[in-house]
Structures are given as C-alpha cells and as structure tokens.
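Indexing begins at 1, ligand by ligand and atom by atom, following the structure's order. Remember, it's a predicted structure, so these values are computed and weren't measured experimentally.
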Amino acid sequence: TEDGYQWYYEGRNGWWQYDDRTSQDIEEAYKKGEKSCTILVAGYVYIVDLEALLQQRQNEPTRCRRVKRDLATIPKKGVAGLRIE
Ligand code: V3L
C-alpha cells in the first residue's frame, strides 16, 4: 500500500505476500474496520478474519493460515506463490 504496508499469509517457513489486488482488498476492509474480508484464490473462496488474523478456505476450516499486516520491506518467500530469491 502507499504507506509501505502489505498483507502476508503464512507458508511453511516464512511469509508470502498476497498479490497486489488481494492485498488492496484486504487493506480496504481493514481500514473500514470490517471484521473479515472474502477473497478469491485460484477459484476458491477464502475468508480473511481480520480479528483473529487467520485465512480460512470457505467450508474447509482445516485449510487455515495465519495472516499479518507488515512492512513491504520484510523478508518474504515471494508473492502469491511466486518465489523471489
Ligand atoms: N494466495 C495464493 N495462494 C494461496 C493463498 C493465497 N492467499 N492461500 C492459499 N494458497 P490452503 P510453502 C501456498 C495456495 O491454505 O512452501 C504458497 O503460496 C497455497 O499456496 O490449504 O508452504 C505456495 O505456493 C497452497 O498451494 O487452502 O511456504 C505453497 O503454499 C494451496 O493454495 C507452498 O508454500 C492450498 O492452501
């Protein structure tokens, strides 16, 4: 985002940045004070719980990951599954 923050979801040993569009959607919900945000990832609906800071696939609660809002400059695995070195 323009203030230097991004949204991340947890991988096995680090954090992945959300793709820009999804990160913007989550940020918008966050700034509005909404409790959750619905996103679409590869054809699946996920709920981002902005209070618990969890991402969960709709109707499949075992598919759950932590999420966080942090500076765009932190070490990360990549963006939306695309690795960066
Ligand atoms: N954006 C992109 N892909 C996602 C997202 C998202 N917000 N959420 C889940 N997936 P689940 P390591 C991740 C993908 O939670 O080695 C990473 O992007 C998810 O991709 O069970 O563990 C990597 O591509 C997974 O492939 O619904 O750090 C990959 O995992 C699939 O949806 C491996 O990352 C099922 O996730």
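Each of K77, R66, K76, K68 was compared with E10 under the salt bridge (charged side-chain N to carboxylate O under 4.0 Å, His left out) criterion, and only R66 meets it. When the options E28, Q17, Q6 are evaluated for a side chain to side chain donor-acceptor pair (under 3.5 Å) with S23, the one that passes is Q6.
Using a cut-off of 4.0 Å between Lys/Arg side-chain N and Asp/Glu carboxylate O, D3 and R69 are scored as salt-bridged.
Put simply, atom 5 (C) of ligand 1 has protein non-hydrogen atoms near it, under 4.0 Å away. Within a 4.0 Å radius of atom 14 (C) of ligand 1, the protein has no heavy atom.
Near Y46, meaning under 4.0 Å from any of its heavy atoms, are these atoms of ligand 1: 9 (C), 11 (P), 27 (O), 32 (O), 36 (O). The contact set between ligand 1 and V41, taken as ligand atoms under 4.0 Å from a residue heavy atom, comprises 1 (N), 2 (C), 3 (N), 4 (C), 5 (C), 6 (C), 7 (N). Taking every heavy atom of G81 and a limit of under 4.0 angstrom, the matching atoms of ligand 1 come to 18 (O), 24 (O). Shown in contact with K77 at under 4.0 Å from a heavy atom are these atoms of ligand 1, numbered in order with element: 12 (P), 16 (O), 28 (O). Each of the following atoms of ligand 1 lies closer than 4.0 Å to a heavy atom of R57: 27 (O), 35 (C).
Residue contacts with ligand 1 do not include E60, since none of its heavy atoms lies under 4.0 Å from the ligand.
Between Y18 and D25 there is no side-chain heavy-atom pair separated by less than 4.5 Å. Within the 4.5 Å cutoff, the side chain of I39 has heavy atoms near those of the V48 side chain. Here the side chains of L50 and K35 are not in contact, with every heavy-atom distance at 4.5 Å or above. Considering only heavy atoms from C-beta on, Y8 comes within 4.5 Å of D70 through its side chain.
Under the 30°/60° scheme for interplanar angles, the aromatic rings of Y9 and W16 are found to lie parallel.
Checked against a 3.5 angstrom limit, the closest N/O atoms of Y18 and ligand 1 fall outside it.
The protein heavy atom nearest to atom 35 (C) of ligand 1 is R63 NH1, 3.6 Å. If you check which protein heavy atom lies closest to atom 8 (N) of ligand 1, you get Q55 NE2, 2.9 Å. Residue, atom and distance of the protein heavy atom nearest to atom 20 (O) of ligand 1 are R65 NH2, 4.2 Å.
Distances from atom 1 (N) of ligand 1 to the heavy atoms of W15, Y44, Y9, W16 show the closest one on Y9.
At a heavy-atom distance under 4.0 Å, atoms from both the backbone and the side chain of R12 approach ligand 1.
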* Between V41 and R57, is a side-chain contact (heavy atoms from CB on, under 4.5 Å) present by the stated rule, with each step listed? -> CA-CA 9 Å; V41 175; R57 195 187 283 187; over 6 Å; no
